[in-house]
Structures are given as C-alpha cells and as structure tokens.
There are 2 protein chains.
Amino acid sequence: MPSIRDVAKQAQVSTATASRALRGLPAVTAETRARVERVAAELGYVIPFNASSLASGRTNSVGIVVPFVSRWFFGTVVAGAETVLREAGLDLVVYGVPGAPSRERFFAELPVRRRVDAVLVLCLPLTRCEADALLALRIPVVLVGSTADGISSVRIDDVASSARAVRHLVELGHRRIGLLGESDPPPHGFTTPGLRRNGYLRVLAEAGIEPDPDLEVAGRFTATEGEAAMARLLARRNPPSAVFAMSDEMAFGALQALRRARVDVPGGMSVIGFDDHELAAALDLSTIAQPVFAQGERAAGLLLDQLRRQAPPADVVLPTELVRRGTTGPAAALN
Amino acid sequence: MPSIRDVAKQAQVSTATASRALRGLPAVTAETRARVERVAAELGYVIPFNASSLASGRTNSVGIVVPFVSRWFFGTVVAGAETVLREAGLDLVVYGVPGAPSRERFFAELPVRRRVDAVLVLCLPLTRCEADALLALRIPVVLVGSTADGISSVRIDDVASSARAVRHLVELGHRRIGLLGESDPPPHGFTTPGLRRNGYLRVLAEAGIEPDPDLEVAGRFTATEGEAAMARLLARRNPPSAVFAMSDEMAFGALQALRRARVDVPGGMSVIGFDDHELAAALDLSTIAQPVFAQGERAAGLLLDQLRRQAPPADVVLPTELVRRGTTGPAAALN
DNA sequence: TTGAAAGCGCTAACAG
DNA sequence: CTGTTAGCGCTTTCAA
C-alpha cells in the first residue's frame with residue numbers, strides 16, 4: 001500500500017507539499033499540484049482516513065442519531081443529510097436509538113465522543129440533561145424536528161400546520177372533527193403529538209366548536225394503530241363527520257377502517273393526514289405536506305456552517321402546505 | 001482532554017496496560033482492570049477513535065452502500081445491520097448511491113478505501129468490474145439482495161417466492177393473471193424484476209396457461225407506477241381476473257386504480273403483492289412476506305464472521321412466506 | 001512556494 | 001501479568 005512518502009518521492013517534492021497538494025490547499029503551484037495528483041492517481045494512493053484524522057484532529061465524520069432508520073420520515077431525512085454531507089466530503093455515521101434502553105446508553109456512553117466532528121439528532125426532544133451532555137462535547141449539534149436552548153434546529157411549525165389541516169375541514173363545513181394520534185405518553189417523549197393537538201384545539205376554538213374528548217383517540221403513528229383508532233371512533237354513539245390523523249400512516253389505517261365499515265369517503269367521512277407520505281398521492285389522501293428531504297439537507301447545511309465558521313445557533317422553520325386530494329369533502333347538509 | 005497517559009499515571013500502570021484493560025483484553029488482572037476503568041470513568045476518558053485506528057490498522061467501521069435510505073426496504077435492512085454492528089462495537093457509515101452518477105463515482109473513487117473494515121452492498125447487482133474493484137480492497141464484502149462470484153450474499157429466492165404468489169392465484173382458479181412491475185431496463189440494473197417474472201412464467205407453464213404479453217405491464221416499484229400500470233391493464237380489451245404486483249408498493253397503487261375504476265377486490269380482481277410492507281397488513285393486502293430486518297442482521301453477522309476469522313464466502317437464502325389476506329379470492333365461475 | 005521535523009495518541013511486539 | 005519502546009502515516013508549524 002503506497003504512502004504519501006512514495007507519492008512525494010516520485011513527484012519529487014516533500015511529503016508536506018504532497019499533503020498540501022492532495023488536500024487542495026492554496027499554497028501550491030498548479031504545476032506541482034498536477035504532478036502530485038498524477039503520481040497519486042498512478043499509484044492508486046488515497047489519504048488514509050485515520051492518519052489524517054489523528055494528525056489534524058478532525059474526523060471528517062458526522063454522527064446522526066435516529067430512532068428508526070426504517071421509517072419513511074427518518075430515512076428520508078437521513079438521505080437528505082447524507083447527500084449534502086457527502087458532497088462536502090463528510091461521512092455519515094448512523095446511531096440507531098429505537099428504544100429507551102438504546103437511547104439511555106447512547107447518552108450515557110456518548111459513542112460519538114472523539115468519533116465525529118458534529119452531530120445531527122432526529123426527532124428526539126432532548127431532556128436538559130441530554131442536551132447538556134451533547135453541548136459538553138463542544139462540537140456542532142443540529143436538531144431536526146425538535147428544539148432545545150442553545151442548539152440549532154430545523155423543523156416545521158406543527159401547531160400552525162395542524163391548524164391548517166383542521167381549518168380545511170372546518171371550511172368544508174365540518175363541526176364534529178375527530179383527532180387521531182395523541183398517545184399519552186408518546187414514545188421517546190415525542191412532542192409532536194402535543195403540538196399537533198394544540199393546533200387542532202386552536203381551530204376548534206376559533207370556530208367556536210366545543211372540544212369533545214370523545215372525539216380524540218390515542219394511537220401511535222402507524223397504520224395499524226390508525227385503523228384501530230378509527231374503528232373505535234366509529235363505534236362511538238355520535239361519530240364525527242371528519243377526522244384529522246396526525247400522520248399519513250395513521251390516516252391510511254383510518255381509510256382502511258372506513259372501507260371495512262363501508263363508510264364512504266369523503267361522502268360519509270372526510271379524512272386528512274399529515275406528512276405527504278410517499279404513498280399519500282397514490283391513496284389520494286388530503287394532507288399537510290412537509291419538506292422532509294429538505295429538512296435533512298438544511299440541517300446538514302447548518303452543520304457545515306457551524307463547522308466552517310463559528311455560526312451561532314439558528315432555528316429554521318420550513319414551510320408546510322395543504323394538499324387537497326380526494327379524501328376530504330363538504331360536510332353533509334344536516335351536520 | 002485526558003489521554004491514556006493520564007489514565008495510566010493515575011491508575012499507576014503503564015499506558016500499555018491501561019490500553020489492554022480498557023479494551024477488555026484478557027492479559028490483565030481483574031483488580032488492575034477495575035482500577036483502570038474507574039480512573040478512566042472519573043476522568044471521562046474514552047479511547048480516541050483515530051489514534052486507536054492508526055495504531056491498530058483497524059477502523060472499527062463498516063460501510064453500507066445503499067440506493068435509497070428513504071425506501072422502506074432499504075431503511076429496514078440498514079436498521080437490521082446497524083443493530084448487529086453496534087452491538088459488536090462497529091460503526092456504520094452510509095454511502096448513498098441514488099442514481100447512476102453517484103454509483104459511478106462511488107466505484108471510481110471508492111471512498112470506503114482505507115476508511116472501513118468491511119462493506120455491505122444493498123441490492124446493487126454488481127458488474128464484474130464493480131465486484132472486482134470491491135474485492136481488490138481485500139476486506140470483507142457482503143451483498144444483500146444480489147449475488148456475485150466470490151462474494152458473500154444474503155437474499156431470498158425471488159423465483160420460487162414469486163412462483164408461490166402466482167400459484168396462490170392459480171389455486172384460486174385464476175387463469176388470466178396480470179403481472180405488474182417488469183420495467184426494462186430496470187433502474188440500477190436491478191435483477192429482481194427479471195427473477196420475479198421468471199417465477200410468474202414458471203407457474204403459468206406448470207398450469208398450462210399460455211403467457212399473454214398483453215397482461216404484463218412495466219413500471220417501477222412505486223405506488224404511483226403501480227396505479228398507472230393497473231389502469232393500463234384495466235383498459236385492455238380482455239383484462240385479467242387477478243394480478244401479481246412485484247412489490248407491495250405497486251400493489252397499493254393497483255388497489256387505488258381498482259377503487260377508482262370501481263372494481264371490487266377480490267370479487268372482480270384479486271391482487272397479490274410482494275414484500276409484506278409495513279402497510280400491507282393495514283391495507284389487507286395478500287402478499288409474499290420476506291424477512292427484511294433479518295436480512296440486514298444476517299448480512300452484518302456474515303461480515304462479523306469474516307472479520308473475525310477468515311470465513312469463506314457464503315450465500316444465505318432466507319425463507320419467504322405466503323400471507324393470505326383480503327385482496328385475493330376465488331376466480332368468478334366463468335373465467 | 002517549499003522543506004524539515006516534531007508531534008497527533010494510541011497499539012503491539014518484545015522483554016521481563 | 002506488566003512495562004518499554006518503536007512505530008502507525010499523516011499534518012502542521014517554522015524556517016528558508
């Protein structure tokens with residue numbers, strides 16, 4: 001395996017110059033650089049990551065802490081971040097924390113310590129303690145989908161966005177509106193359900209609708225739980241004419257429950273979701289679209305800013321948008 | 001930042017012993033080890049990854065090359081692999097290759113070189129050239145969802161599995177069976193579509209059914225393309241009574257097209273998918289279940305075997321299973 | 001713009 | 001079981 005010494009020797013420069021040339025540093029003549037690069041290519045030389053890292057003190061890696069890579073939302077954010085980071089020459093190291101034990105272990109052992117130059121944390125509302133542990137690393141940290149004092153974040157406005165969804169239903173004439181998705185306590189301490197519920201309540205208040213606890217059904221953000229939740233709602237003595245599901249996946253489940261119960265959508269029940277999941281268009285689901293890939297890209301961008309100059313923490317809020325599709329329609333006249 | 005020398009000094013041992021103790025090597029008395037560990041904990045010392053890596057020649061990292069982390073299948077495999085690797089103390093570095101340019105760049109530059117101890121490649125049928133490039137790294141390589149001479153792989157039997165799906169339809173009395181999903185040429189050179197088509201053709205032959213090219217519709221493995229493909233099939237002069245979609249996502253799209261066209265499922269059309277996607281149960285889709293998380297786990301396991309001892313390449317084929325749900329039913333009498 | 005040389009902080013071989 | 005010591009292969013001053 002060739003070393004930088006071999007490259008330097010054959011290019012007739014010192015290892016220092018070879019190093020500078022290969023890293024694209026400015027203080028090298030074009031001619032020298034070309035010669036070094038050519039020799040490196042001939043020899044198939046690449047800078048060994050570990051030696052470079054030890055000498056420079058940088059790892060050129062970013063850690064990403066993520067509850068479930070397998071879920072569409074998280075996977076998409078990871079993909080967005082990876083794209084930007086690779087472009088910048090940084091590697092992405094994945095730390096999965098699917099449950100409470102792995103999460104605790106992560107923050108207790110902090111395996112990212114001395115391992116990465118920066119950290120991305122997806123959708124984990126951090127306890128003060130966790131946030132401080134991360135901050136103590138003195139490396140850039142960016143949150144996606146949650147916020148914490150003194151840490152950069154990229155997110156959407158959950159309250160306003162869910163309010164937009166519910167307002168769409170109100171504008172269609174619905175007065176009895178179900179809510180699918182507040183589970184208590186939410187797994188991982190997710191704050192999203194609470195925020196989306198606030199948006200729901202806010203619009204009911206705006207519209208002068210008395211909130212009915214009977215219309216709120218808890219469930220995790222999956223199709224299976226969405227189906228069960230909808231079924232329970234249908235079994236109530238006075239079911240709603242429309243429902244807002246806190247995630248598209250729940251909405252998919254809800255649609256299935258409605259099909260089973262032979263309730264026409266949107267004739268007998270309007271359904272709106274949240275996310276604009278990749279399957280939402282195919283299932284003709286009305287929903288709130290949020291930019292998911294872009295949240296990953298943007299978070300990676302903030303990380304790069306902080307890595308390059310000492311950019312101060314920022315809180316970036318990306319826009320969402322109501323997508324009207326076939327599952328929402330006007331309330332029947334007598335509602 | 002404390003160094004191993006600080007730990008060694010305070011524990012009154014040499015740095016070598018401290019190193020051995022911290023890495024859990026056997027040649028240390030329990031007492032010494034305890035002392036070293038205590039001091040390390042007090043000082044908040046962790047072995048710096050880069051120094052350790054440079055000295056030992058190991059990176060304790062595994063690269064994973066994946067077309068789209070955001071897709072359910074890939075994300076789930078990544079999650080499976082990550083779980084096993086983290087348990088073994090290895091980090092997972094993600095290399096996304098969503099398109100042809102990034103794929104070419106990956107194999108041309110081989111950014112994993114000198115960066116990881118082993119590589120996992122997801123669902124990229126490698127050209128001989130690509131396989132050789134990887135092999136030339138002289139580090140363990142494991143493929144998931146494809147095979148190559150001299151390289152370990154973990155996969156399912158696509159031909160037998162899709163045959164099982166189609167046989168299920170034949171057993172229900174169907175004779176005109178549509179096929180959704182062969183796109184030509186498939187993106188990334190995926191071989192899966194071809195294999196699944198072979199299973200389809202094999203069963204038609206078994207059952208003495210003449211293949212009808214009109215019943216095969218091309219499309220990528222997404223709901224949108226599944227919907228379009230189904231719509232085209234319905235527009236044929238003599239549509240089938242059942243369809244086999246090569247992926248559940250296509251099947252979801254197909255179901256939507258059928259709903260739009262007011263075709264009863266399974267009364268007017270049976271639909272079977274492939275994968276057992278996380279939404280399949282919620283949408284009551286009959287399908288072929290394949291173990292996805294387990295493929296990731298298993299691939300990581302093979303990697304560990306090869307990393308520890310010089311285990312020879314293996315080809316692990318995981319079982320699949322027919323899952324009968326509500327979208328498949330008997331053919332109408334007069335078919 | 002280039003070169004010499006001193007680390008970066010551990011691990012591993014060897015000796016005891 | 002433990003200590004000594006020579007690297008691992010770069011990057012980065014500092015000087016020229």
Side-chain angles (χ1 to χ4, degrees), chain A residues 1-37 39-40 43-61 89-91 111 113-117 139 307, chain B residues 1-40 43-61 89-91 111 113-117 138-139 307:
Chain A
M1 194 133 316
S3 82
I4 200 170
R5 271 190 297 270
D6 301 317
V7 176
K9 197 178 301 172
Q10 198 161 328
Q12 302 176 60
V13 292
S14 67
T15 58
T17 300
S19 173
R20 288 188 277 252
L22 292 173
R23 283 179 295 152
L25 296 191
V28 184
T29 54
E31 188 196 2
T32 308
R33 185 190 309 282
R35 190 151 29 93
V36 172
E37 282 175 344
V39 172
L43 265 40
Y45 173 79
V46 285
I47 299 174
F49 162 78
N50 47 14
S52 165
S53 175
L54 176 60
S56 69
R58 274 169 261 114
T59 65
N60 285 318
S61 305
L90 295 171
D91 284 327
R113 214 165 12 161
R114 309 275 236 140
R115 177 59 178 98
V116 300
D117 295 337
I139 58 179
L307 239 22
Chain B
M1 193 135 308
S3 82
I4 199 169
R5 270 191 298 271
D6 301 317
V7 175
K9 196 179 305 173
Q10 197 161 328
Q12 303 175 61
V13 293
S14 67
T15 59
T17 299
S19 173
R20 288 188 279 251
L22 292 173
R23 283 180 294 152
L25 296 191
V28 185
T29 52
E31 188 195 2
T32 307
R33 185 190 310 281
R35 190 152 28 95
V36 172
E37 282 174 344
R38 188 170 43 70
V39 172
L43 266 40
Y45 173 80
V46 285
I47 299 173
F49 163 77
N50 46 15
S52 165
S53 174
L54 177 59
S56 69
R58 273 170 263 113
T59 66
N60 284 317
S61 304
L90 295 171
D91 285 326
R113 217 166 8 161
R114 310 275 233 139
R115 176 61 178 96
V116 301
D117 294 338
R138 317 208 125 281
I139 58 179
L307 238 22

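- Closest heavy-atom contact between A:Ser53 and A:Thr59: OG-CA, 3.7 Å.
- Within the 4.0 Å cut-off from OP1 or OP2 of C:dG3, at least one side-chain nitrogen or oxygen of A:Ser14 is found.
- Listed in residue order, the members of residues 27-34 of chain A having a heavy atom less than 4.0 Å from DNA chain C are A:Ala27, A:Val28, A:Thr29, A:Thr32.
- A:Ser52 pairs by the side-chain hydrogen bond (donor to acceptor under 3.5 Å, both in side chains) definition with nothing, not counting sequence neighbours.
- Chain A approaches DNA chain D over the interval D:dG9 to D:dT13, counting the first and last nucleotide 5' to 3' with an atom under 4.0 Å from its heavy atoms.
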N/O-N/O pairs, protein side and nucleotides 12-14 of chain C side, under 3.5 Å:
from, atom 1, to, atom 2, distance (Å)
C:dA12, OP1, B:Arg58, NH2, 2.8
C:dA12, OP2, B:Arg23, NH1, 2.8

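- When the side-chain hydrogen bond (donor to acceptor under 3.5 Å, both in side chains) test is applied to A:Thr29, the partners found at least two apart in sequence or on another chain are A:Thr32.
- Between A:Met1 and A:Asp6, the shortest heavy-atom contact is O-OD2, 4.4 Å.
- Heavy atoms of A:Ile4 sit under 4.0 angstrom from primed sugar atoms or phosphate atoms, though from no base atom.
- Take A:Leu54 and apply the side chain to side chain contact (heavy atoms under 4.5 Å, CB included) test, not counting sequence neighbours, and it matches B:Asn50, B:Ala51, B:Leu54.
- No side-chain heavy atom of A:Ile47 sits less than 4.5 Å from a side-chain heavy atom of A:Ile4.
- With rounding to whole Å, B:Arg5 atom CZ is found 7 Å from C:dC8 atom P.
- The 5' end of DNA chain D is approached more closely, in terms of each residue's nearest nucleotide, by B:Ala18 than by the other of B:Ala18 and B:Arg114.
- With rounding to whole Å, A:Leu54 atom CG is found 14 Å from C:dG7 atom P.
- Residues satisfying the side chain to side chain contact (heavy atoms under 4.5 Å, CB included) test with B:Val46, not counting sequence neighbours, are A:Arg113, A:Arg114.
- No engagement by B:Phe49 is indicated, since no non-hydrogen atom pair under 4.0 Å with the nucleic acid exists.
- The side-chain hydrogen bond (donor to acceptor under 3.5 Å, both in side chains) test applied to A:Arg115 returns B:Ser61, B:Asp91, not counting sequence neighbours.
- Sequence neighbours left out, the pairs with a member in residues 13-28 of chain B that pass side chain to side chain donor-acceptor pair (under 3.5 Å) are B:Ser14-B:Thr17, B:Ser19-B:Arg23.
- Applying the side chain to side chain contact (heavy atoms under 4.5 Å, CB included) rule to A:Leu307 yields the partners A:Leu90, A:Asp117, A:Ala118, A:Pro140; only residues at least two apart in sequence or on another chain are considered.
- Applying the salt bridge (Lys or Arg N to Asp or Glu O under 4.0 Å) rule to pairs touching residues 30-39 of chain B yields B:Arg38-B:Glu42, sequence neighbours excluded.
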